[in-house]
Amino acid sequence: MTPNQKVAALSVRKGPGSIAALTCYDFPMARLLDQAGTDILLVGDSLGMVVLGFPDTTHVTLAHMLHHIEAVARAKPAALIIGDLPIHTYDTPEQALETAKALVAAGADAVKLEGGVRQAEKVRAITQAGIPVCGHLGMLPQRVLEEGGYHKKGKTPEQTQAILDGAHALIDAGVFAIILESVTPAAAKSITQSISVPTIGIGCGESTCDGEIAVITDLLGSFPWFVPPFAKPEAKLSNSILDAAAKYIARVRSQS
Ligand code: KIV
């Protein structure tokens with residue numbers, strides 16, 4: 001399938017459980033997750049925290065994103081590759097389009113950026129150039145410093161309405177899907193039911209969105225220093241790594 005065919009197929013998947021998405025930052029993981037059948041490989045700017053060791057995503061640069069998108073794209077996955085526009089690379093519609101083109105040249109099939117009404121013109125500039133865009137609403141990690149932490153969204157009718165207004169502005173600008181992050185289950189469900197494009201939830205509860213996305217290190221248990229409360233690890237790779245490394249070190253030292 002071409003990237004546009006993949007986007008078209010995903011954009012009509014509504015209903016809980018319709019899309020399974022994972023973040024991915026390198027070549028071997030892209031091969032494995034693609035073989036497992038994920039619909040989307042998101043090269044998210046979460047890589048700043050779980051791969052590069054920064055305290056939050058505000059340290060991620062375009063150069064970081066290009067390096068990791070190129071690695072994922074080398075796997076030539078069947079899954080749709082979405083690349084994140086890092087902070088301050090989409091401050092104007094012109095800059096947003098230039099950044100989106102760079103991500104696509106690195107191998108992304110589609111791009112994602114954070115925010116609603118205030119980003120609509122930037123999204124429009126990108127979609128009008130033929131590049132598919134995924135929206136991202138609710139808790140926006142790139143705003144962690146302004147907001148003084150990671151706060152749940154959709155707790156009041158006003159907050160829920162603001163997210164819905166953002167969703168409508170993004171849909172009007174041409175997004176094919178919207179990630180909802182850390183939105184209360186009730187708000188996520190009502191937003192999902194009132195918009196035409198699929199929502200992909202993280203930290204929004206079960207069966208509230210049309211799909212789900214997980215940060216791969218949360219799923220694999222390979223970043224034990226911070227595990228979000230909503231994460232549901234299916235493995236404990238950090239223990240396996242410690243065990244294998246300790247066995248190797250003991251084997252080498254036993255030769256002395
Ligand atoms: O950067 C990222 O990994 C994301 C997901 C948390 C949705 O945006």
Side-chain angles (χ1 to χ4, degrees), residues 7 10-19 21 40 42 44-46 56-58 82 84-93 96 100 110-128 132-215 228-231:
V7 167
L10 283 170
S11 69
V12 293
R13 292 211 209 156
K14 291 288 287 178
S18 298
I19 298 174
I40 291 171
L42 170 66
D45 61 359
S46 52
D56 56 57
T57 63
T58 66
I82 302 180
D84 255 344
L85 273 70
I87 192 165
H88 296 318
T89 67
Y90 54 106
D91 290 342
T92 64
V111 301
K112 173 170 86 61
L113 55 80
E114 296 183 7
V117 175
R118 72 194 166 91
Q119 308 296 26
E121 286 318 305
K122 298 160 192 173
V123 170
R124 202 181 308 279
I126 302 171
T127 58
Q128 282 183 347
V133 180
C134 177
H136 185 153
L137 294 172
M139 200 273 286
L140 306 178
Q142 290 178 7
R143 295 183 64 82
V144 63
L145 301 179
E146 286 101 310
E147 299 200 355
Y150 299 106
H151 303 297
K152 197 97 188 158
K153 301 292 169 159
K155 283 180 163 173
T156 63
E158 293 74 25
Q159 274 186 11
T160 306
Q161 188 58 47
I163 300 171
L164 197 52
D165 292 345
H168 286 306
L170 292 179
I171 292 166
D172 191 52
V175 297
F176 68 92
I178 296 176
I179 286 182
L180 290 181
E181 179 160 0
S182 288
V183 174
T184 63
K189 199 164 191 169
S190 86
I191 292 163
T192 296
Q193 286 170 350
S194 35
I195 65 174
S196 53
V197 303
T199 58
I200 306 173
I202 178 163
C204 299
E206 269 182 28
S207 303
T208 59
C209 294
D210 301 306
E212 281 193 40
I213 181 154
V215 172
F230 54 79

**Asked** For D84, does its backbone N or O pair with a side-chain atom of D45 as donor and acceptor, under 3.5 Å?
**Response** no
**Request:** Indicate yes or no: at least one non-hydrogen side-chain atom of Q142 is less than 4.5 angstrom from one of H88.
**Result:** no
**Prompt:** With V12, which residues qualify under side chain to side chain contact (heavy atoms under 4.5 Å, CB included), at least two apart?
**Reply:** none
**Request:** Check whether any side-chain heavy atom of L137 lies under 4.5 Å from a side-chain heavy atom of K153, and answer yes or no.
**Result:** no
**Request:** For residues A21 and I200, report the shortest heavy-atom separation together with the two atoms involved.
**Result:** CB-CG2, 4.4 Å
**Request:** Take D91 and K122 through the test salt bridge (Lys or Arg N to Asp or Glu O under 4.0 Å) and record every step on the way to the result.
**Result:** CA-CA 8 Å; D91 290 342; K122 298 160 192 173; 5.6 Å; no
**Prompt:** Taking side chain as C-beta onward, heavy atoms only, is I195 less than 4.5 Å from L164?
**Reply:** yes
**Item:** E147, CD: over 12 other non-hydrogen atoms inside 6.0 angstrom
**Value:** yes
**Message:** Looking at K112 and L42, would you say the former's side chain and the latter's main chain have a donor-acceptor pair under 3.5 Å?
**Reply:** no
**Taking every non-hydrogen atom, the tightest pair across I171 and S196** = CG2-OG, 3.9 Å
**Asked** Between the side chain of Q159 and the main-chain N/O of K155, is any donor-acceptor distance below 3.5 Å?
**Response** yes
**Request:** Could you tell me the separation between the CD atom of E212 and the OG atom of S207, rounded to the nearest 0.5 Å?
**Result:** 7.5 Å
**Request:** Of all the heavy-atom pairs spanning G203 and K152, show the shortest one and how long it is.
**Result:** O-NZ, 2.7 Å
**Request:** Indicate yes or no: at least one non-hydrogen side-chain atom of I19 is less than 4.5 angstrom from one of I40.
**Result:** yes
**Message:** Test: side-chain hydrogen bond (donor to acceptor under 3.5 Å, both in side chains). Region: residues 177-191. Which pairs qualify, not counting sequence neighbours?
**Reply:** H136-E181
**Request:** Let me know which of P185, P16, C204 forms a side-chain contact (heavy atoms from CB on, under 4.5 Å) with C209.
**Result:** C204
**Item:** From I82, T127, V197, residue fulfilling side-chain contact (heavy atoms from CB on, under 4.5 Å) relative to F176
**Value:** I82
**Spacing of CD1 belonging to I163 relative to CD belonging to E158, to within rounding of 0.5 Å** = 12.0 Å
**Request:** Find the distance between CG (L140) and CD (Q119) and round it off to the nearest 0.5 Å.
**Result:** 8.5 Å
**Prompt:** Under a 4.5 Å cut-off applied to non-hydrogen side-chain atoms, are Y150 and V144 in contact?
**Reply:** yes
**Request:** Taking the side chain as every heavy atom from C-beta outward, state whether V175 and V123 have any atom pair closer than 4.5 Å.
**Result:** yes
**Asked** Under 4.5 Å between any side-chain heavy atoms of T208 and L180, yes or no?
**Response** no
**Message:** For the OG1 atom of T57 and the CD1 atom of I87, what is their distance to the nearest 0.5 Å?
**Reply:** 6.5 Å
**Side chain proximity check, D172 to R124, heavy atoms < 4.5 angstrom** = yes
**Listed partners of D56 passing salt bridge (charged side-chain N to carboxylate O under 4.0 Å, His left out), at least two apart** = none
**Request:** Using atom types as modelled and distance alone, determine if a side-chain donor or acceptor of D210 lies under 3.5 Å from a backbone N or O of G15.
**Result:** yes
**Item:** Exercise: identify the closest heavy-atom pair between A173 and A120
**Value:** CB-O, 3.4 Å
**Message:** Can you give me the closest heavy-atom contact between G135 and L170, atom names plus distance?
**Reply:** CA-CD1, 4.0 Å
**Message:** Would you compute the distance between atom CD1 of I191 and atom NE2 of H168 and round it to the nearest 0.5 angstrom?
**Reply:** 9.5 Å
**Prompt:** Can you tell me how far the CD1 atom of I178 sits from the SG atom of C134, to the nearest 0.5 Å?
**Reply:** 8.0 Å
